[in-house]
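Before any comments, here is the structure.
By convention here, the first residue in the shown sequence is residue 1. The figures here come from the full heavy-atom set of this structure, side chains too, leaving out hydrogens, waters and symmetry mates. Numbering of ligands and ligand atoms starts at 1, following listing order.
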Amino acid sequence: MHKKKKGLNTICTHTGELEDKQYKGAVSPLYMSTSYAFEDVEVKRYPRYFNTPNQEGLSKKIAALEHTEAALIFGSGMAAISTALMAFLRAGDHVVLQRTLYGGTYNLVNEEFDKFGIEYSFTEGMKPADFETEIKANTKVIYIETPSNPLLTITDLDAVAKIAAKYSIVTMIDNTFASPVNQNPIDFGIDIVIHSATKYMGGHSDICAGAVASTQENMERIFNLAKNFGGSLSDYTVWLLERSIKTMGIRVKAQNEHAQKIAEYFYRHKDIATVYYPGLPSHLDHELAKSQMSGFGGMLSFELNEGFDAPQFQKALRLIKPSMSLAGVESTVLSPAQTSHYLLGEEELKKQGIKDGLIRFSVGIEETDDLIADIEQALDEVRSKPVAVDD
Ligand SMILES: *Cc1c(COP(=O)(O)O)cnc(C)c1O
């Protein structure tokens with residue numbers, strides 16, 4: 001019989017939970033065993049086979065969250081990304097990658113792929129035609145990331161999926177910035193969804209993990225490599241991640257709301273030159289974002305007016321912390337040109353439109369009024385200070 005799919009927060013809270021048959025406890029029991037007696041020779045449970053009870057339970061939750069059949073949980077987002085890519089690429093193959101990528105993914109491709117004889121091209125822009133142009137006879141994978149980091153550009157999921165289907169190319173997306181709360185790429189025809197669970201899934205800046213979700217068939221292919229690469233996640237952290245995801249829906253919705261309010265506030269602010277947030281009608285891809293996202297996320301970026309020193313401004317913040325990571329319940333900021341995107345080099349930064357003074361803001365769950373008050377006091381503090389000139 002047809003069974004109606006469960007809603008977001010019900011999946012977050014319950015899907016994949018393990019029953020405590022012994023004591024009827026409210027939460028999934030944690031199984032730390034690395035060794036399990038054979039019940040039959042078919043199931044050999046072992047953490048690196050990604051099939052301990054806690055791993056299997058959480059995989060079901062993540063697959064349900066991404067509207068697909070199966071998932072695997074990894075020791076980091078990069079373990080998930082590298083394993084997914086390498087499962088579908090071999091020497092002589094070619095991959096098309098979106099130009100604006102998470103720094104670690106860019107480094108993986110740039111530093112490692114030559115060794116394996118894998119060819120790659122980065123797109124010129126982020127329009128569907130930019131992807132089609134790069135396709136060659138040996139292209140096996142198209143890899144995208146939307147919203148992108150740090151300018152929050154939006155890639156058209158449906159259009160890229162259609163182009164890929166035309167050439168029988170597998171599509172992969174890094175869905176970290178949106179989280180499954182705001183975007184389900186499988187519904188738009190994307191084949192494989194990847195997450196750094198270190199971010200919104202974990203949400204409390206205390207878990208490093210990754211996840212891949214897709215059809216049973218695709219996930220079997222990824223599993224076959226994953227068990228050899230060995231990037232599984234400790235069961236203790238799997239269990240913590242399951243707990244974190246229970247509140248992901250309400251956390252991320254609060255972050256959407258706060259980011260929208262702050263983006264609108266920045267938009268009207270006399271000291272702020274530009275704000276990039278897909279939820280603003282002024283954002284170049286706002287209409288596209290509306291068509292494929294159910295919320296616009298907790299990430300935004302902005303540039304202060306000339307005359308304001310961006311590093312000084314960040315130092316003057318008290319509640320909001322300068323920090324490398326993102327997506328926690330606490331608000332953080334960073335300068336991409338000096339930190340996360342530093343390795344790209346000046347020319348590439350320019351090409352991507354990442355200015356020196358750009359500040360990326362990961363909006364947390366604190367009261368918006370307190371965040372705005374912190375921004376105002378920091379602006380007041382640096383308003384009087386001259387910008388440092390290096391010559
Ligand atoms: C953090 C991040 C990653 C890498 O994840 P790790 O868990 O640090 O390995 C990949 N993609 C995006 C968009 C990220 O923000």
Open item on the list: Could you tell me if the side chain of Leu152 sits less than 4.5 Å from the side chain of Phe296, heavy atoms only?
Closed with: no
Task: Nitrogen or oxygen atoms of Asp174 and ligand 1 under 3.5 Å apart - done: yes
Open item on the list: At under 4.0 Å between heavy atoms, is it the side chain or the backbone of Ala209 that contacts ligand 1, or both, or neither?
Closed with: backbone
Task: Met78, any N or O under 3.5 Å of ligand 1 N or O - done: yes
Open item on the list: Classify the ring geometry of Tyr120 against Phe122: parallel below 30°, tilted from 30° to 60°, perpendicular beyond 60°.
Closed with: perpendicular
Open item on the list: Under a 4.0 Å threshold between the charged nitrogen and the carboxylate oxygen, would Arg383 count as salt-bridged to Asp380?
Closed with: yes
- [ ] Just need the protein heavy atom nearest to atom 5 (O) of ligand 1, so name the residue and atom and give the distance.
- [x] Ser196 OG, 2.9 Å
Task: atom 8 (O) of ligand 1 - nearest protein heavy atom and its distance - done: Tyr102 OH, 3.9 Å
TODO: Please confirm whether Ile81 comes within less than 3.5 Å of ligand 1 when only nitrogen or oxygen atoms on both sides are compared.
DONE: no
Task: Residue and atom name of the nearest protein heavy atom (relative to atom 6 (P) of ligand 1), distance in Å to one decimal - done: Gly77 N, 3.3 Å
Open item on the list: Counting C-beta onward and ignoring hydrogens, is there a side-chain heavy-atom pair between Val160 and Ile142 closer than 4.5 Å?
Closed with: yes
Task: Main-chain N/O of Ser179 paired with Asn182 side-chain donor or acceptor, under 3.5 Å - done: no
Open item on the list: Please list, in number order, the atoms of ligand 1 under 4.0 Å from a heavy atom of Glu145.
Closed with: 13 (C)
- [ ] Please determine if Lys199 has a nitrogen or oxygen closer than 3.5 Å to a nitrogen or oxygen of ligand 1.
- [x] yes
Task: Where ligand 1 meets Thr198 - atom numbers and elements under 4.0 angstrom, heavy-atom basis - done: 6 (P), 7 (O)
Open item on the list: Whether Glu264 and Lys261 form a salt bridge (side-chain N of Lys/Arg under 4.0 Å from carboxylate O of Asp/Glu) is what I want to check.
Closed with: no
TODO: Let me see the working for His195 and Glu66 under side-chain hydrogen bond (donor to acceptor under 3.5 Å, both in side chains), right down to the final yes or no.
DONE: CA-CA 10 Å; His195 285 278; Glu66 282 297 5; 2.6 Å; yes
